[in-house]
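Numbers restart at 1 for each chain; the letters A, B, ... are given by sequence-line order, proteins then strands. Only this structure's heavy atoms are used, side chains among them; waters, hydrogens and symmetry mates stay out.
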Amino acid sequence: MSHHIIEAKELQYSYPDGTVGLAGVSFRISHGESVALVGENGAGKSTLLLHTNGCLFPSSGSLRIGDCLLSKKNLNTVRRTVGMVFQNPDDQLFMPTVFDDVAFGLLNLGIPENEIETKVMRSLETVGAGHLRKRPPYKLSQGEKRAVSIAVVLAMSPDILVMDEPTSSLDPKSRRRLIELLKTFKHTKIIATHDLDLALDICERTIVIHQGRITADGRTIEIFKDKELLDRSSLEMPLSMKNCRE
Amino acid sequence: MSQNFTEVTSVSLLCDSVATLKFRYCKIIHMNNIGKNMFDIGYMDMLAEGDSFLHRLNPGAKLITTMAFIITVVSFDKYSVSALTPFFVYPLVLIAVGGLPAGYLLKKILFVSPFAVFIGIFNPLIDREVIFHLGSIGISGGWISFMSVIMRFALTVSSALILVALTGFNTVCESLLKFGVPKPFIVQLMFFNRYMLIFTDEAGRVVRARSLRSFSKGAAGLGIFASLAGHLLLRTIDRAERIYRAMCCRGFDGRIHIIRKTKTGYREIVFVFGWIILFVLMRYYNLSLKLGGLVTGMSR
């Protein structure tokens, strides 16, 4: 099951304007783990996520996705292994209809046309969006868009799911539905989020990033109890834990 | 855009003094309304979800017929007016059979009509030769050609709008692709359709943000306008970058595949050839004149 593993060693990345995105990040995420990536705005969470499927390449250091090292040569394998759900579904859903959007990746993978329908519908049913198949993405609610953007990734059967702020701009009910859905997935998951309650619900492990470096990596419950660490990282204890303390 | 700025600013001024105008202010500063008026493709797509005989026809058949109609209409000479009149039967029949909202389509045509007016407005000034008399009033060739421009505009635009309303914008694009229109052009059209509303929403938010902080200042100066437009451009580039990344993540290699299964039966053949035969008849026989002659002859 080594293809479900992500291992970063001294990962560094600077943007063309000189801004440091990652300043030496090392971690290893193994098969089936759900890991929350938390930190203040601009800490480097999205930069790290963009490395996991080869949208960005490290300035130095290395990133191993499953059996292969991230490189331009292995890009297709890496992107087949890692499915990324973007922060804004409107960036991810660009085809005329929901069906076309889910089928887009499958057709690019060369899946025969007679199998597409089944695979698309299976993915849509998994997220409870089968009835949306003919709808144009711009007519969906935020919750529906989010569900479909997860379906487009699931359709490609990735081993690792990477999500950037999955609960942003969702109403409480849609957020709860998404959390319940994510709990059912057996994939290795990396979720960058400011929603610490979501992290507490889904992820047994949390990595805290601050100014491009990992400042903590451990059990979610332990990390969220560390008030000083949370303060340093511009974070707050999750509401559910505050209630417990009070 | 500058017109929008002017509208926004003028309404802001009123709002400072008259609280009751708040509703109108909100109504006007929402640029996404403007976007909806200009590019109301969403509503057109909703119309395309209908289930009439025309909706169910193969999109290719409707596209061919519309193209034949447009080519026939624009092939008339510049003084044709009476010969063009029978062509209104095509949009009228399609609107009636397809159950389309005629008033809505008329509004859309009127919305873009200034373009046609500008094209033909100088004809009456340039071509002043009187070519026929309406009672005691001499009608110059310029007015006739102006009328002809307006009619051709109304016919062609209405037929294109009806095609989209009966078929859906993206389905029209896919049909164009099947007829050999280059793929990059079609992809651009589809992306335009997908992101135009998002772009106008974004532009609307920028304009609103400016108007809320401009208080009683006048219209935006060139500097502010340039800054807003620049910001919009940068945001658009950023978004394009993110969309491209999302496409790459799903194996995009420069080609966009779409699965569509369409059938062509006798109904499509009858539809296409029926209309084309009628267009040819109307092109070579001035039915208005013949009908007029018949009626006049009968009255004698």
Tell me, for [X] versus chain B, whether the close heavy atoms (under 4.5 Å) come from the side chain, the backbone, both or neither.
| X | result |
| --- | --- |
| A:L50 | side chain |
| A:L107 | both |
| A:L106 | neither |
| A:V152 | both |

Taking atom [atom1] of [X] as the centre, does the number of heavy atoms from other residues, nucleotides or ligands within less than 6.0 Å exceed 12?
| X | atom1 | answer |
| --- | --- | --- |
| A:D171 | CG | yes |
| B:K107 | NZ | no |
| A:H131 | NE2 | yes |
| B:F53 | CZ | yes |
| B:F185 | CZ | no |
| B:M67 | CE | no |
| A:K186 | NZ | no |
| B:F179 | CZ | yes |

What's the spacing between [X] [atom1] and [Y] [atom2] if we round to 0.5 Å?
| X | Y | atom1 | atom2 | result |
| --- | --- | --- | --- | --- |
| A:M95 | B:N170 | CE | CG | 8.5 Å |
| A:M84 | B:C248 | CE | SG | 12.5 Å |
| B:R242 | A:S46 | CZ | OG | 10.5 Å |

Checklist outcome for this item: Residues B:M190 and A:P96: closest non-hydrogen pair is CE-CG, 3.8 Å

Checklist outcome for this item: Shortest non-hydrogen pair, A:F104 vs B:M247, comes out as CE2-O, 3.9 Å

Checklist entry - Sub-3.5 Å donor-acceptor pair from the side chain of B:Y195 to the main-chain atoms of A:D90, do we have one? => result yes

Checklist entry - chain A heavy atoms under 4.5 Å from B:Y244: which part of the residue, side chain, backbone, both or neither? => result neither

Item to check | CA sep, side-chain torsions, deciding dist, call: A:D101, B:R250, salt bridge (Lys or Arg N to Asp or Glu O under 4.0 Å) | outcome: CA-CA 10 Å; A:D101 234 314; B:R250 287 191 274 153; 3.2 Å; yes

Checklist entry - Between B:R245 and A:F86, is any pair of side-chain heavy atoms under 4.5 Å apart? => result yes

